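Just so it is clear: chains get the letters A, B, ... in the order the sequence lines come, proteins before strands, and each one is counted from 1. As the structure is a computational prediction, the values presented were derived from the model and not from experiment.
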2 protein chains.
Amino acid sequence: MTETLDVPARTNRDKDGVAAVGRALALVAAFDERNPRLTLAELAKRTGFYKSTILRLSVSLERAGFLARDPDGAFRVGAAALKAGQLYQAAFRLGDVALPILRKLAADTGETASLYVREGDMRVCLHRVESAQMVRAIVREGDRRPLDRGAAGKVLRLDQAASELAENGFLVSIGEVSAESAAIAAPVYGADARIVAAISASGPAQRFTPVAIPAMGAHAKAAAAELTTRLGGRFPV
Amino acid sequence: MTETLDVPARTNRDKDGVAAVGRALALVAAFDERNPRLTLAELAKRTGFYKSTILRLSVSLERAGFLARDPDGAFRVGAAALKAGQLYQAAFRLGDVALPILRKLAADTGETASLYVREGDMRVCLHRVESAQMVRAIVREGDRRPLDRGAAGKVLRLDQAASELAENGFLVSIGEVSAESAAIAAPVYGADARIVAAISASGPAQRFTPVAIPAMGAHAKAAAAELTTRLGGRFPV
DNA sequence: AAGCCCGTTCCGCCCCTCGGAATGAGCCCC
DNA sequence: GGGGCTCATTCCGAGGGGCGGAACGGGCTT
């Protein structure tokens with residue numbers, strides 16, 4: 001430390017940020033599902049900071065609502081974190097993320113690809129990319145369909161992974177919405193591992209043969225998995 | 001600055017926390033649902049900070065995952081916020097138990113059911129199940145409302161059972177949070193027989209008629225009682 | 001080409017933060 | 001009861017880290 005500075009002494013000037021901020025956020029990151037409440041001493045042990053440092057940082061964190069304190073003195077994460085987490089989700093204008101995935105699914109299957117979300121006892125098409133084929137399924141954004149018909153409806157109605165879904169990762173429906181149509185759908189999961197949307201490929205029933213279905217299902221499943229991860233979602237165990 | 005310091009110059013020594021941390025968290029708080037993505041210039045305008053300050057703080061925030069940057073340079077809240085938000089919910093060990101109860105309350109009343117806890121002089125929505133109706137109350141997890149408006153707020157402010165509450169076991173508010181909304185709420189008690197949370201059903205005021213309220217109140221009261229017992233809580237004498 | 005606004009880099013001075021010591025309360029055990 | 005731990009909290013000097021402005025360059029529009 002006293003001499004021989006091969007490295008420029010000011011090397012830490014760039015890309016270093018603000019040390020106090022890093023420390024404060026490390027405090028928040030010290031919590032986990034097993035320990036959503038921590039005492040000052042526990043925080044000190046987990047972070048390696050001095051207790052006086054933690055107390056000083058916690059004043060600002062508490063004021064901003066990112067940290068809170070129980071009457072017994074225990075620390076826990078504050079309510080502002082909940083709000084910030086939702087802002088993270090809101091930052092995904094779903095279309096920007098979903099549309100490329102839908103385009104790929106439409107190309108891979110040759111069918112119309114669409115993204116459905118649940119709305120009460122109906123499902124609503126949020127985005128859609130139509131097939132290029134002469135005979136194809138026509139779906140428009142905003143279309144509302146009953147939840148009890150069609151592959152996407154079935155997927156959105158699942159509280160937990162049904163046996164058929166768990167087996168293949170997708171569901172099929174033939175002639176449910178209309179006699180000559182068919183569809184295949186896979187679930188998109190949110191951060192809480194619950195189904196938040198369904199990605200489907202739909203078209204004329206004639207093309208949904210026992211031979212074609214497995215490949216279509218695999219594509220739908222892959223698209224749904226891609227969207228799930230892009231949204232920060234978590235797959236159920 | 002040069003003289004005449006009536007106020008002790010070092011009055012800010014106590015209870016001041018760390019200024020840089022407050023600034024960093026103000027950056028995160030600058031986002032909202034309408035603006036989940038912000039440019040550097042927008043952030044500077046909203047926070048009043050210099051752009052150089054924001055850039056410096058953002059290095060630490062990004063490293064911790066609380067802020068992220070898109071390829072086009074726009075800032076958004078980072079994934080660590082989502083995790084932190086879940087830790088906030090985890091601190092209340094209510095989620096697994098409360099959600100089924102909220103679902104039942106939403107089904108029974110046809111209105112949006114939500115669970116509020118007190119956070120200082122505000123109340124925070126911890127969990128929520130929205131109504132299936134076309135016209136319904138919109139509540140998001142993490143929403144903060146003042147304690148002095150709305151049925152849930154009144155419930156949470158009760159140190160002891162007020163006469164009205166003791167009589168019916170629930171409270172009603174009409175047009176308090178917004179002119180066209182109404183809500184009904186009942187208290188959840190902890191092991192020490194003090195109020196730890198409020199369960200409420202909220203929706204358009206038109207549906208909260210003198211005829212409908214008693215049934216809704218009974219449902220809310222039942223839901224709160226159910227949650228109280230499931231949490232090992234004790235009712236006041 | 002001038003003007004504007006964008007994002008980014010750089011650096012000196014001041015003040016803010018760090019970290020350790022000191023304090024007191026609470027608890028357990030002999 | 002008192003000694004000895006661990007707990008949370010307060011205080012302050014010294015050192016360096018962050019603030020805030022200036023300066024720069026690129027991309028637009030006028």
Side-chain angles (χ1 to χ4, degrees), chain A residues 1-3 5 7-28 30-31 35 37-64 66-78, chain B residues 1-3 5 7-28 30-31 35 37-64 66-78:
Chain A
M1 280 301 181
T2 53
E3 52 178 341
L5 297 176
V7 180
R10 272 309 182 51
T11 182
N12 56 350
R13 209 59 209 276
D14 289 348
K15 74 174 190 290
D16 240 25
V18 179
V21 175
R23 272 184 264 244
L25 299 179
L27 278 185
V28 177
F31 296 85
N35 305 82
R37 297 167 183 265
L38 293 171
T39 66
L40 177 59
E42 288 168 340
L43 266 176
K45 187 176 297 179
R46 280 170 174 254
T47 58
F49 302 155
Y50 282 79
K51 286 192 276 189
S52 55
T53 298
I54 294 172
L55 248 9
R56 193 168 355 98
L57 294 170
S58 73
V59 172
S60 296
L61 283 164
E62 285 180 55
R63 186 174 300 155
F66 276 82
L67 205 64
R69 207 138 185 212
D70 287 332
D72 63 358
F75 289 91
R76 57 181 173 82
V77 177
Chain B
M1 279 301 182
T2 52
E3 53 178 339
L5 297 175
V7 180
R10 272 308 176 56
T11 182
N12 56 351
R13 210 61 209 278
D14 289 347
K15 74 170 190 291
D16 240 25
V18 179
V21 174
R23 273 184 265 241
L25 298 179
L27 279 185
V28 177
F31 296 86
N35 303 82
R37 296 166 185 264
L38 294 171
T39 66
L40 176 59
E42 289 169 338
L43 267 177
K45 188 175 297 178
R46 280 169 173 254
T47 58
F49 301 155
Y50 283 81
K51 286 190 280 187
S52 55
T53 298
I54 294 172
L55 250 7
R56 196 170 351 99
L57 293 170
S58 72
V59 171
S60 296
L61 283 165
E62 286 179 53
R63 187 174 299 154
F66 276 82
L67 204 65
R69 209 141 182 210
D70 287 333
D72 63 358
F75 289 90
R76 57 180 174 81
V77 177

Subject >> Side-chain donor or acceptor of A:Thr39 paired with backbone N/O of A:Glu42 under 3.5 Å >> reply: yes

Original post:
Quick one: on DNA chain D, does A:Ala19 or A:Ala41 contact a more 5' nucleotide (nearest heavy atom)?
Top reply: A:Ala41

Original post:
Could you give the CG-to-P distance, from A:Leu38 to D:dA8, as a whole number of Å?
Top reply: 11 Å

**OP:** Using the closest heavy atom to pick a nucleotide of DNA chain D for each, name whichever of B:Leu57 or A:Glu42 lands nearer the 5' end.
**Re:** A:Glu42

Original post:
Within this structure, what is the NZ-to-P distance between B:Lys51 and D:dC24, rounded to whole angstrom?
Top reply: 16 Å

**OP:** Without swapping roles, check the side chain of B:Arg46 against the backbone of B:Ala30 for a donor-acceptor pair under 3.5 Å.
**Re:** yes

Subject >> A:Lys45 NZ - D:dT6 P separation (whole Å) >> reply: 10 Å

Subject >> Any donor-acceptor pair under 3.5 Å from A:Thr47 side chain to A:Leu43 backbone >> reply: yes

Original post:
Could you give the CD1-to-P distance, from B:Ile54 to D:dG20, as a whole number of Å?
Top reply: 11 Å

**OP:** From the options C:dG19, C:dT17, D:dG20, select the nucleotide whose nearest atom is closest to the side chain of A:Ser52.
**Re:** C:dG19

Original post:
Counting just side-chain N and O atoms, does A:Thr39 come under 4.0 Å of either OP1 or OP2 of D:dC7?
Top reply: no

Original post:
Roughly, in whole Å, what's the span from CG in A:Leu40 to C1' in D:dT6?
Top reply: 11 Å

**OP:** Measure the distance from CZ on A:Arg23 to C1' on C:dC16 and round it to the nearest whole Å.
**Re:** 12 Å

**OP:** Could you work out which one of D:dG20, D:dT9, C:dG7 sits closest to the side chain of B:Arg69?
**Re:** C:dG7

Original post:
Atom CZ of B:Phe31 and atom CG of B:Leu67: how far apart are they, to the nearest 0.5 Å?
Top reply: 5.0 Å

Original post:
In terms of side-chain heavy atoms of A:Ala20, which of C:dG7, D:dT9, C:dT17 is nearest?
Top reply: C:dT17

Original post:
Between atom CZ in A:Phe75 and atom C1' in D:dT9, what is the gap in whole Å?
Top reply: 11 Å

Original post:
Quick one: A:Leu55 CG to C:dG19 P, roughly how many Å, whole number?
Top reply: 14 Å

Original post:
Quick one: which of D:dG20, C:dG19, D:dA8 gets closest to the side chain of A:Thr53?
Top reply: C:dG19

**OP:** Would you indicate which nucleotide in D:dA8, C:dG7, D:dG18 comes nearest to any side-chain atom of A:Val18?
**Re:** D:dG18

Original post:
To the nearest 0.5 Å, what is the distance between CG (A:Leu25) and CG (B:Leu25)?
Top reply: 6.5 Å

